[in-house]
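Read the numbers this way: they start at 1 and go in the same order the structure lists the ligands and their atoms. Since the structure is predicted, the reported quantities are computational estimates derived from the model, not experimental observations.
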Amino acid sequence: AAMTSGAARKRLDMNEYRERLEARLGKSREMMRVVLNKAKSNPKRVALAEGSNEKMIRAAYQMQEEGIAHPILIGNTKVILRKAEELGLDFDPTIANPRDGEWDHYADRLYDLRKRKGLTESEAAELVRRDSNYFASVMVEMGDADAMLTGLTHHYPGGLRPPLQVIGTAEDANYAAGVYMMTFKNRVVFCADTTVNLDPDEEILAEITKHTAELARRFNVEPRAALLSYSNFGSVRNEGTAKPRDAANLLQDDPEVDFPVDGEMQADTALVEDILTGTYDFSDLDEPANVLVFPNLEAGNIGYKLLQRLGGAEAIGPMLVGMNKPVHVLQRGDEVKDIVNLAATAVVDAQEE
Ligand code: ACO
């Protein structure tokens with residue numbers, strides 16, 4: 001009897017688990033559908049720096065088949081075509097091989113951009129031929145592609161540095177930041193910065209907040225932002241809690257900011273309506289925040305992973321905000337669906353250029 005009830009309980013657990021999984025996948029699909037449909041309405045050219053990677057080839061096939069993007073696979077033409085065939089993918093991909101003479105002017109461009117940062121002419125030629133992250137960055141910088149994706153085969157900083165050096169930040173930005181969209185059964189939150197700025201000051205936090213709010217709007221989400229800390233509105237005063245507090249003040253005084261924002265506050269204050277409307281009824285937020293800005297990279301990176309692994313959220317990202325052109329640096333181990341989702345986000349970004 002004990003065996004049966006144990007098995008039954010297990011089955012029940014599995015059913016419950018499946019239901020929860022379907023519910024959250026449903027929400028993330030609904031969120032992504034907005035972006036996928038926007039992308040399909042006007043697909044753009046996306047340079048895939050790791051073009052000979054099998055996941056990238058699969059993702060390129062899917063983007064092309066579904067009309068989400070025009071992928072450009074960067075790498076050795078023969079290798080890519082052979083792998084596509086081995087994978088049974090029947091398509092005629094656009095390939096850019098950095099070793100082809102037709103791209104020699106990319107080395108000149110890279111040299112031009114970086115010669116006053118210590119790069120020599122021969123180093124530029126070497127980087128463009130051997131490091132596809134530089135090649136893809138120059139391709140986007142020169143307008144031969146509209147967006148770039150990389151990161152599957154590199155440490156995150158290794159994928160990030162070339163586009164930071166070559167493409168740089170947008171006119172209204174000084175800092176890039178990595179945002180994860182976390183979807184739960186009935187809600188969605190955007191977490192920043194999860195991947196770039198180690199110890200942002202109040203100016204950087206304010207900038208990250210603005211760019212994350214803009215990103216939320218791309219997903220048709222009206223942003224409500226909270227600057228997070230371990231104290232509520234000055235309940236603990238020190239250098240650490242001052243940064244998010246000062247960032248909130250900067251944003252509240254900024255005439256361009258057209259969304260509610262407040263802080264510093266604890267995570268539960270940001271997320272629980274009763275706390276916001278009860279204890280802290282003076283807060284500029286009267287509904288739970290959906291843009292969560294963490295005080296530093298440790299908190300942001302740990303925080304979103306806890307939401308994903310313990311909170312059961314589906315994570316879409318990291319979406320790089322603040323860049324001059326759409327660039328996303330994937331995480332190693334990301335799957336084909338992650339690549340396609342980020343490509344769609346990049347296309348929608350590129351449409352707004
Ligand atoms: N935003 C925009 N541009 C930046 C930023 C930033 N936050 N930081 C550096 N840059 C620019 C610099 O201005 C510089 O441009 P320049 O050469 O034209 O002057 C260029 O990027 C390179 O800067 P460096 O100082 O040479 O590079 P650095 O070694 O500081 O690297 C980097 C910058 C890669 C962003 C670094 O800060 C970093 O490693 N951050 C943490 C990344 C990380 O480990 N994330 C966590 C794990 S990721 C994950 O979970 C997926």
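The closest approach between any non-hydrogen atom of Ile204 and ligand 1 is not below 4.0 Å.
Under the 4.0 Å distance rule, the nearest protein heavy atom to atom 24 (P) of ligand 1 falls outside the cut-off. At a distance under 4.0 Å, a protein heavy atom can be found next to atom 7 (N) of ligand 1. Within a 4.0 Å radius of atom 15 (O) of ligand 1, the protein contributes no heavy atom.
By the criterion of a heavy-atom distance under 4.0 Å, the side chain of Asn301, and not its backbone, is placed next to ligand 1. In Arg114, the part holding a heavy atom less than 4.0 Å from any atom of ligand 1 is the side chain. For Thr194, no heavy-atom contact with ligand 1 is shorter than 4.0 Å. Contacts of Tyr156 with ligand 1, taken as heavy-atom pairs under 4.0 Å, involve the side chain alone.
Of the protein's heavy atoms, Leu160 CD2, 3.5 Å lies nearest to atom 35 (C) of ligand 1. Here the heavy atom of the protein found nearest to atom 27 (O) of ligand 1 is Arg161 NE, 3.4 Å. Shortest contact from atom 44 (O) of ligand 1 to any protein heavy atom: Pro157 CG, 3.7 Å. Of all protein heavy atoms, the one closest to atom 49 (C) of ligand 1 is Gln331 OE1, 3.6 Å. For atom 21 (O) of ligand 1, the nearest protein heavy atom (residue, atom name, distance) is Leu164 CB, 3.4 Å. Closest to atom 40 (N) of ligand 1, if we only count protein heavy atoms, is Val196 O, 3.0 Å. Nearest protein heavy-atom neighbour of atom 19 (O) of ligand 1: Lys117 NZ, 2.8 Å. Shortest contact from atom 45 (N) of ligand 1 to any protein heavy atom: Thr195 O, 2.8 Å.
Ser231 pairs in a side-chain hydrogen bond (donor to acceptor under 3.5 Å, both in side chains) with only one of the listed residues (Arg245, Gln266, Glu264), which is Glu264.
Taking the six-membered ring for Trp and thresholds of 30 and 60 degrees, Tyr106 and Phe135 have ring planes inclined between 30 and 60 degrees apart.
Shown in contact with Ala176 at under 4.0 Å from a heavy atom are these atoms of ligand 1, numbered in order with element: 1 (N), 2 (C), 6 (C), 7 (N). Taking every non-hydrogen atom of Thr169 and a distance limit under 4.0 Å, the qualifying atoms of ligand 1 come out as 2 (C).
Once rounded to the nearest 0.5 Å, the distance linking CE of Met181 with CD1 of Ile316 reads 3.5 Å.
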Could you go through the side chain to side chain contact (heavy atoms under 4.5 Å, CB included) check for Met319 and Leu342 one step at a time?
CA-CA 7 Å; Met319 296 176 267; Leu342 281 186; 3.5 Å; yes
Under the side chain to side chain contact (heavy atoms under 4.5 Å, CB included) criterion, do Ser41 and Gln351 qualify, and how do the steps go?
CA-CA 10 Å; Ser41 72; Gln351 290 169 349; 3.9 Å; yes
Full working for side chain to side chain contact (heavy atoms under 4.5 Å, CB included) between Met56 and Ile339:
CA-CA 7 Å; Met56 283 290 178; Ile339 305 170; 3.9 Å; yes
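Annotation for Arg58: atom CZ does not count as buried by contact number, only 12 or fewer foreign heavy atoms lying within 6.0 Å.
For Phe282 and Phe233, the ring centers sit closer than 6.0 Å to each other. Taking the centre of each ring, Tyr180 and Phe190 stay at or above the 6.0 Å mark.
Within the hydrophobic cluster formed by Ile, Leu, Val, Met, Phe, Trp and Tyr side chains joined at under 4.5 Å, directly or through other members, Val79 stands alone, with no partner residue. Members clustered with Leu250: none, using a 4.5 Å side-chain heavy-atom cutoff among hydrophobic residues.
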